[in-house]
Amino acid sequence: MTIKVFDYIGRSGLDSMLAVKLVNETIAPHLIQTDEKVILDFSGITNVNSSFINALFLDIFMKFGSKNIQEKLKITNCRSNIVEIVEAGLEYADERSKELIAI
């Protein structure tokens, strides 16, 4: 399943609550109901902040675990200015989810 992030947030990902809503209403139900890979397509997104990305990926990692997500999630069509933020967010989510689970 391909999820066009633009359809849910518009051109800019600056509201972390929209990230959580996207996970809870769209991404998580799909991951629960099927084994099909989820593709997050960032076409048309011109700007995101770290709060949005951290909220998006930490919520996913906490619900499904980092190992499962590596097999079930793919991110495509990120602009160059967004790639670094997404990579940092994925790393943050992976590390933070492990810390929280270990507590």
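Index from 1, following the sequence.
When every heavy atom of Thr46 is checked against every heavy atom of Asn81, the shortest pair comes out as O-ND2, 3.1 Å. Residues Asn47 and Ile82 share a closest heavy-atom pair of N-CD1, 4.0 Å.
To the nearest 0.5 Å, atoms SG (Cys78) and CD (Glu84) are separated by 11.5 Å. One finds the CD atom of Glu71 at 13.5 Å from the CZ atom of Phe64 (value rounded to the nearest 0.5 Å). Here the straight-line distance linking atom CD1 of Ile85 with atom OG of Ser51 works out to 10.5 Å at 0.5 Å rounding. The CG atom of Asn49 sits 8.0 Å away from atom CD1 of Ile53, with the distance rounded to the nearest 0.5 Å. Atoms NE2 and CG, on His30 and Asp35 in that order, are 9.0 Å from each other to the nearest 0.5 Å.
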Throw together a table of side-chain donor-acceptor distances under 3.5 angstrom for residues 1-19, partners on residues two or more places apart or in other chains.
from: Asp15; atom 1: OD1; to: Met17; atom 2: N; distance (Å): 2.9

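Proximity of Leu40 to Thr76: side-chain heavy atoms (C-beta onward) are nowhere separated by under 4.5 Å. Val23 is listed as a side-chain neighbour of Lys63, based on a closest heavy-atom distance under 4.5 Å. With contacts defined as side-chain heavy-atom distances shorter than 4.5 Å, the pair Phe57/Leu73 qualifies.
Under the 4.5 Å side-chain heavy-atom criterion for ILVMFWY residues, no single connected hydrophobic cluster contains both Ile27 and Val20. Ile32 and Ile39 fall into different hydrophobic clusters, defined by Ile, Leu, Val, Met, Phe, Trp and Tyr side-chain heavy atoms under 4.5 Å apart, directly or through other members.
Within the 3.5 Å criterion, the main-chain N or O of Ala55 finds no donor-acceptor partner in the side chain of Asp59.
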Should Ile75 and Leu90 be marked as a side-chain contact (heavy atoms from CB on, under 4.5 Å) after you check the CA-CA gap, both sets of side-chain angles, and the distance that decides it?
-> CA-CA 11 Å; Ile75 300 155; Leu90 287 167; 3.8 Å; yes
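The side chain to side chain contact (heavy atoms under 4.5 Å, CB included) test with Leu31 singles out one residue from Glu36, Lys72, Lys37, and that residue is Lys72.
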